[in-house]
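From a predicted model like this one, the values you see are computed outputs, not experimental measurements. Reminder, nothing fancy here: chain letters follow the sequence lines and each chain counts from 1. Every heavy atom of this structure was used, including side-chain atoms; hydrogens, water molecules and symmetry mates were not.
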Protein chains: 2
Amino acid sequence: MKDIILRLNKLFESRIRLGIMSILVVNDWVDFKYLKETLDLTDGNLASHLHSLEKNNYIHVRKGFIGRKPNTSFSVTDVGRKEFKLHLNALERLIKNI
Amino acid sequence: MKDIILRLNKLFESRIRLGIMSILVVNDWVDFKYLKETLDLTDGNLASHLHSLEKNNYIHVRKGFIGRKPNTSFSVTDVGRKEFKLHLNALERLIKNI
DNA sequence: TAAAGTAACTTTGCGTTACAAAGTACTTTT
DNA sequence: AAAAGTACTTTGTAACGCAAAGTTACTTTA
């Protein structure tokens with residue numbers, strides 16, 4: 001049992017980072033504003049969660065412009081996708097008491 | 001999306017409380033020692049997590065003896081079972097981006 | 001009968017996290 | 001020129017997580 005719990009990824013215990021990841025795994029590039037509005041977060045809060053995901057190489061950041069407005073977009077890395085999958089597997093095992 | 005995230009139960013974001021609940025939903029009464037050993041926790045840590053679950057009426061506590069040794073057992077309440085189920089449903093919806 | 005063990009905590013203390021709110025820098029719109 | 005937009009960073013505070021040590025109330029062993 002303990003080993004299953006340890007397979008849960010600490011970074012994904014947060015509902016917000018779970019939300020970010022679940023959006024990113026099904027969308028190619030998602031921008032800051034979209035995440036902010038979809039998840040209804042303050043700028044600072046979202047930025048810090050994104051930062052923790054970036055620091056662990058779970059997401060890529062792309063800074064650019066749309067028209068002349070700055071735009072920051074995010075996508076999940078291969079590592080992030082793999083870790084997320086592992087986390088979901090662990091969750092499933094835990095819940096089903098395998 | 002935000003509404004799904006809000007359906008995730010804050011109390012179940014913790015891997016340990018998730019572990020406790022997943023044990024309790026499939027066992028009638030589970031004692032302190034078993035939980036402690038299965039989850040590999042210190043007494044204090046386990047006690048505090050159990051306390052938070054009890055405070056929210058998610059678990060029952062039964063104090064008694066086995067032979068002459070004190071024994072504390074826990075079981076999930078109807079509320080706890082229901083909330084856990086709701087949490088898992090929310091998790092599933094979030095992950096599947098419904 | 002004194003020491004050690006068991007069960008289940010509570011307390012202490014510290015480091016980490018979460019978050020809102022305010023501040024920053026730059027740009028664009030009005 | 002003023003207001004608003006984008007994407008942060010900084011600040012400050014409250015909550016959380018956890019190990020370790022202390023506590024209570026026995027029971028068992030030497």
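Ring geometry, His87(B) versus Phe12(B): the interplanar angle exceeds 60°, so the pair is classed perpendicular (tilted spans 30 to 60°).
When rounded to the nearest whole Å, the span between NE2 of His51(B) and C1' of dA15(D) equals 16 Å. In this structure, CG of Leu46(A) is placed 14 Å from C1' of dT9(D), rounded to the nearest angstrom. When the P atom of dT28(D) is taken as reference, atom CD1 of Ile66(B) falls 14 Å away, rounded to whole Å. With rounding to whole Å, Leu39(B) atom CG is found 11 Å from dC18(D) atom P. Taking atom NZ of residue Lys33(A) and atom C1' of nucleotide dA4(D), one finds them 11 Å apart after rounding to whole Å. Following rounding to the nearest Å, Leu53(B) (CG) and dC16(D) (P) show an atom-to-atom distance of 13 Å. Put simply, CD on Glu13(B) is 16 Å from P on dA15(D), counting in whole angstrom units. Separating the CD1 atom of Ile5(A) from the P atom of dG17(D) is a distance of 14 Å, rounded to the nearest angstrom.
When the salt bridge (Lys or Arg N to Asp or Glu O under 4.0 Å) test is applied to Asp3(A), the partners found at least two apart in sequence or on another chain are Arg7(A). Looking at residues two or more places apart in sequence or on another chain, you find no side-chain hydrogen bond (donor to acceptor under 3.5 Å, both in side chains) involving Glu54(B).
Inter-residue side-chain proximity for Leu8(A) and Glu13(A) is flagged as unmet; no heavy-atom pair is nearer than 4.5 Å. Tyr58(A) has its side chain out of reach of Val76(A): every pair of non-hydrogen atoms, C-beta onward, lies at least 4.5 Å apart. Side-chain atoms of Val79(A) and Asn56(A), non-hydrogen and from C-beta on, never get closer than 4.5 Å to each other. Residues Ile20(A) and Leu46(A) meet the side-chain proximity criterion, which asks for heavy atoms closer than 4.5 Å.
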* **Sequence-aligned protein contact record of nucleotides 12-26 of chain C, with B where the base is within under 4.0 Å of a protein heavy atom and S where only the sugar-phosphate is** => ------SSS------
May I have the list of side-chain donor-acceptor pairs in residues 31-41 of chain A shorter than 3.5 Å, sequence neighbours left out?
residue: Asp31(A); atom: OD1; partner: Tyr34(A); partner atom: N; Å: 3.0
residue: Asp31(A); atom: OD2; partner: Asn71(A); partner atom: ND2; Å: 3.1
residue: Lys36(A); atom: NZ; partner: Asp43(A); partner atom: OD1; Å: 2.8
residue: Thr38(A); atom: OG1; partner: Tyr34(A); partner atom: O; Å: 2.7
residue: Asp40(A); atom: OD2; partner: Lys2(B); partner atom: NZ; Å: 2.9

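Looking only at distances, no side-chain donor or acceptor of Arg93(A) sits under 3.5 Å from a matching main-chain atom of Ile4(A). Side chain of Asn9(B) to backbone of Leu11(B): a donor-acceptor contact under 3.5 angstrom is found. Arg81(A) contributes a side-chain N or O that, together with a main-chain N or O of Val25(A), makes up a donor-acceptor pair within less than 3.5 Å.
Of the residues in residues 19-30 of chain B, not one places a heavy atom less than 4.0 Å from an atom of DNA chain C.
No contact: Lys36(B) has no heavy atom under 4.0 Å from any strand.
Rotation axes derived from the C1' atoms of the five outermost pairs at either end of the helix from dT1(C)-dA30(D) to dT30(C)-dA1(D) lie 10° apart, to the nearest 10°.
One finds no side-chain N or O of Lys69(B) lying less than 4.0 angstrom from the OP1 or OP2 phosphate oxygen of dT6(C).
Place Phe65(A) and Asp31(B) on DNA chain C by their nearest nucleotides, and Asp31(B) ends up nearer the 5' end.
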